[in-house]
Amino acid sequence: MVAAEGLVIDWAQMPTYNTVMSVAVGAGLILLVMLGRELLRAPGKIVVEGWSLAFGVLGTILTATGLHMTLTWPLAAGGFPFDNIIFGETSLAFGVLLLAAAFYLWTRGRAALERADATEHLQAVARPVSVFVLGMGLGLVAIAIAGVTYQLFAAPPEEPISGAFAAYPLVEAIFMSGLIALVGVGAILFPFAVRSGRRVVRVVIGWAWGLSGVAFMLFGARNFFSGLGLLFNRLGS
């Protein structure tokens with residue numbers, strides 16, 4: 001792939017985590033939707049330890065990999081700093097948020113759910129951090145616009161499956177940018193959900209994060225094959 005100003009990427013020497021990162025992001029989004037549904041339907045039946053462990057596992061993976069990508073500039077000797085911003089910084093932000101949720105649920109979750117106003121109380125707890133979620137949502141939309149504008153997600157022709165569209169970089173750019181924008185829409189609406197509590201806002205967030213979560217998880221699982229195939233095709237047998 002040749003990026004702006006003749007930047008040539010040696011994909012065989014490009015350390016990325018869009019395999020486990022994508023799976024973890026997808027799982028995290030799906031679990032957030034599932035937890036939100038349980039909070040609205042039966043908060044007293046929630047086993048907070050299970051949710052805390054799940055968020056802790058995913059948050060640790062995303063924080064560790066995202067922090068490395070964020071602080072390593074550029075990510076590879078050949079350049080390509082786009083991944084540092086697109087995947088590194090956003091995964092770091094999501095990972096820290098999941099770790100914060102895991103810590104709160106482990107230490108305060110049971111007491112919070114035993115309250116008569118459990119849902120309203122948890123909304124109040126989430127309001128301060130919703131400002132950061134809003135900011136990251138706007139950032140995700142900006143990344144999506146940049147992805148289409150500069151066609152940042154085009155795969156090299158040696159990569160299985162995605163490489164079939166290497167001659168049409170706008171195809172993958174639209175696909176990936178659409179997923180990122182969908183997550184961003186949910187994040188932008190999140191502050192309104194924890195303030196107004198309107199059902200329509202919750203439903204839109206649920207669909208946005210649920211659909212994008214499933215897509216990211218499947219995309220990450222597929223990347224375990226396509227990433228290995230890329231390395232095999234570049235390095236040879």
Side-chain angles (χ1 to χ4, degrees), residues 1-26 28-29 61-62 65-95 135-188 208-209 211-231 233-234:
M1 173 184 173
V2 179
E5 300 181 5
L7 178 62
V8 179
I9 308 305
D10 183 1
W11 291 98
Q13 304 298 323
M14 181 68 176
T16 58
Y17 307 111
N18 60 355
T19 46
V20 68
M21 264 185 172
S22 185
V23 172
V25 166
L29 291 170
I61 292 172
L62 291 173
T65 54
L67 184 63
H68 176 247
M69 290 183 71
T70 300
L71 299 180
T72 305
W73 193 275
L75 189 63
F80 202 59
F82 309 121
D83 263 14
N84 298 67
I85 298 173
I86 297 172
F87 300 113
E89 295 187 18
T90 55
S91 293
L92 173 61
F94 191 31
M136 289 306 301
L138 294 172
L140 289 171
V141 172
I143 289 173
I145 295 173
V148 174
T149 302
Y150 304 111
Q151 301 178 15
L152 299 178
F153 301 105
E158 295 89 346
E159 181 177 339
I161 304 176
S162 297
F165 303 98
Y168 310 97
L170 197 57
V171 173
E172 191 157 8
I174 292 175
F175 172 73
M176 286 301 302
S177 295
L179 285 183
I180 292 172
L182 198 58
V183 180
V185 169
I188 291 171
W209 285 355
L211 290 175
S212 58
V214 171
F216 269 116
M217 180 178 286
L218 294 176
F219 180 75
R222 189 224 64 173
N223 279 345
F224 279 100
F225 167 75
S226 60
L228 290 172
L230 173 60
L231 290 175
N233 291 333
R234 276 296 175 92

> Can you tell me how far CZ of Phe219 sits from OG of Ser226, rounded to the nearest 0.5 angstrom?
Replying inline: 7.0 Å

Tabulate below the donor-acceptor pairs under 3.5 Å that side-chain atoms of residues 137-149 make, not counting sequence neighbours, or state none.
| residue | atom | partner | partner atom | Å |
| --- | --- | --- | --- | --- |
| Thr149 | OG1 | Ile145 | O | 2.7 |

>> Please report the interatomic distance CD1(Ile86) to CG(Asn18), rounded to the nearest 0.5 Å.
In response: 11.0 Å

> Which distance, rounded to the nearest 0.5 Å, do you find between the CE of Met21 and the CG of Asn223?
Replying inline: 12.5 Å

> How far apart are the closest heavy atoms of Val23 and Ala221, and which atoms are they?
Replying inline: CG2-N, 3.7 Å

> For Leu211, which residues count as a side chain to side chain contact (heavy atoms under 4.5 Å, CB included) partner, sequence neighbours excluded?
Replying inline: Leu182, Trp207

> When you look at CZ of Phe175, are more than 12 heavy atoms from neighbouring residues, nucleotides or ligands closer to it than 6.0 Å?
Replying inline: yes

>> Going by salt bridge (Lys or Arg N to Asp or Glu O under 4.0 Å), name the pairs with one or both residues in residues 216-231, residues two or more places apart or in two chains.
In response: Glu159-Arg222

> Hey, what do you get for OG (Ser91) to CD1 (Ile61), rounding to the nearest 0.5 Å?
Replying inline: 11.0 Å

> Partners of Phe225 by side chain to side chain contact (heavy atoms under 4.5 Å, CB included), sequence neighbours excluded?
Replying inline: Pro160, Ile161

> So, for Ala173 and Ser177, which heavy atoms are closest and what is the spacing to 0.1 Å?
Replying inline: O-OG, 2.7 Å

> Which atom names give the shortest non-hydrogen contact between Val171 and Phe165, and what distance separates them?
Replying inline: CG1-CD2, 4.0 Å

> Given side chains that start at C-beta, do those of Gln151 and Tyr168 come closer than 4.5 Å, heavy atoms only?
Replying inline: no

> Does Thr70 offer a backbone N or O that forms a donor-acceptor pair with the side chain of Asn84 under 3.5 Å?
Replying inline: no

>> Quick one: does any side-chain atom of Ser22 pair with a main-chain N or O of Gly220 as donor and acceptor, under 3.5 Å?
In response: yes

> Quick one: does Met136's side chain get under 4.5 Å of Phe94's, heavy atoms only?
Replying inline: no

> Does the side chain of Ile180 come within less than 4.5 Å of Phe153's, by heavy atoms?
Replying inline: yes

>> Under the rule for salt bridge (charged side-chain N to carboxylate O under 4.0 Å, His left out), what residues qualify as partners of Glu89, not counting sequence neighbours?
In response: none

> Distance-only, no hydrogens or angles: does the Ser212 side chain make a donor-acceptor pair with backbone N or O of Trp209 under 3.5 Å?
Replying inline: yes

